[in-house]
Amino acid sequence: MITSEEMKCRPKWAFTLIELLVVIAIISMLIALLLPAVQAAREAARRTQCVNNMKQIGLALAGYASDNHCLPAGYVTDITGSPQNAPMDSNSLDAGPGWAYGVAILPFLEQGSLYAGLNFNLPCYSPANQTMAVVSLNVFFCASVSDLSRTVNVMDQQKKQLARVPSAHYVLNAGNEEPWHYQTFDHRSIADGPFFRNSFVPIASITDGLSQTMMIGEHTPLLSNKTWFGVVPGSVVCPTFRFPFSPCDYAASFVLSHTGPAADEHEVIHPPNSRLSHVNQMYSEHPGGANIILGDGSVRFIKETINQRVWAALATIRGKEVISGESF
């Protein structure tokens, strides 16, 4: 039996303050070492999901092209002046119905019911189509994007709301030029990429090769909003406060981007993720670059440091450039 005297003689084991601080410091160092690895693993998983979504879109584009012998239009404008599609924007010459590429490929994304629920006799921004217009599809989202908004409020220059459309984290490639800055109905002689207003580009006309021609790239709402649904005449696309160098742009920029060089930009080329990006360029939240869909349906990760001439060459459909697979 232990006496009270013996209990008093026993040492009392406990951490000193210094020992406790050392343990906390060691734990903090381990967390600091492990956290980047955990974050990198999470980003890798998000990027994989993003790539899978883009592959689905690439396959849908291929399915549309197989059935129709051409790519879908970037978006559709009725240039005949039909009253139901009025009014026409006097600056960009955009008018209704405005339906964009994403609607055209809905049946190839297993969204036949959504496609059937749209009234194509009316513009995409008609109140009769607004119920379907706010249906967002996960395939057009990238898990790495920080802004989780599912819809976009479409505004004019005076910030009057014109419509609501579903958000997208991807944008079409119009080529080097930005044809929507030219006041002409026909953009075929200006655009050198696969998508523009009323484009319907035949696959056979992409003579640079499908594996060397960019179709779609990433664009995060961190820079500006995008959609797959349609273009509303008279609306504008404006940047967030993080990109003060970018002005607002015409409605075409809701679905279209360009790489440069454009005629009015003095040979400037815009690589992905540039801090000087405008709303009509590609920008992702992946560290180091952005994903793109090529014409053959494959998805490639393009580094921010890509040779700018190679980047511009990927944007054209018949620029006659020779690009090696190792250069991008």
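Throughout, residue positions are numbered sequentially from 1 according to the sequence presented.
Checked by atom type and distance alone, the side chain of Ser246 never pairs as donor or acceptor with a backbone atom of Phe243 at under 3.5 Å. Within the 3.5 Å criterion, the main-chain N or O of Phe301 finds no donor-acceptor partner in the side chain of Arg47. Asn119 places no side-chain N or O within 3.5 Å of a backbone atom of Asn129 that could act as its donor or acceptor partner. The backbone N or O of Ala128 lies less than 3.5 Å from a partner atom in the side chain of Ser126, making a donor-acceptor pair. Side chain of Asp192 to backbone of Thr316: no donor-acceptor contact under 3.5 angstrom is found. At least one donor-acceptor pair closer than 3.5 Å links the side chain of Asn173 to the backbone N or O of Ala315.
Under 3.5 Å, the side chains of Ser274 and Gln281 contain no donor-acceptor pair of N or O atoms. Between the side chains of His181 and Asp249, a donor-acceptor pair is found at a separation under 3.5 Å. Between the side chains of Ser199 and His187, no donor N or O sits under 3.5 Å from an acceptor N or O.
Shortest non-hydrogen contact noted between Cys50 and Asn291 is SG-ND2, 4.3 Å.
The salt bridge (Lys or Arg N to Asp or Glu O under 4.0 Å) analysis of residues 163-190, with sequence neighbours excluded, yields the pairs Asp186-Arg188.
By the 4.5 Å heavy-atom criterion applied to side chains, Asn138 and Asn53 are not counted as neighbours.
Cluster annotation: Ile269 and Leu256 are assigned to distinct hydrophobic clusters (Ile/Leu/Val/Met/Phe/Trp/Tyr, side-chain heavy-atom contacts under 4.5 Å, transitive). In terms of hydrophobic clustering, with Ile, Leu, Val, Met, Phe, Trp and Tyr side chains grouped at heavy-atom distances under 4.5 Å, Leu223 and Ile216 are assigned to different clusters.
Checked against the 6.0 Å centroid threshold, Phe120 and Tyr115 count as a close aromatic pair. Ring centers of Tyr250 and Trp180: at least 6.0 Å apart, outside the cut-off.
In Glu110, the CD atom is not crowded: 12 or fewer heavy atoms of neighbouring residues, nucleotides or ligands sit closer than 6.0 Å.
Between His270 and His258, the two ring planes are perpendicular [angle over 60°; tilted spans 30° to 60°].
With sequence neighbours left out, the salt bridge (Lys or Arg N to Asp or Glu O under 4.0 Å) criterion links Arg309 to Glu267.
Note that OG of Ser257 is 10.5 Å distant from CZ of Phe195, once rounded to the nearest 0.5 Å.
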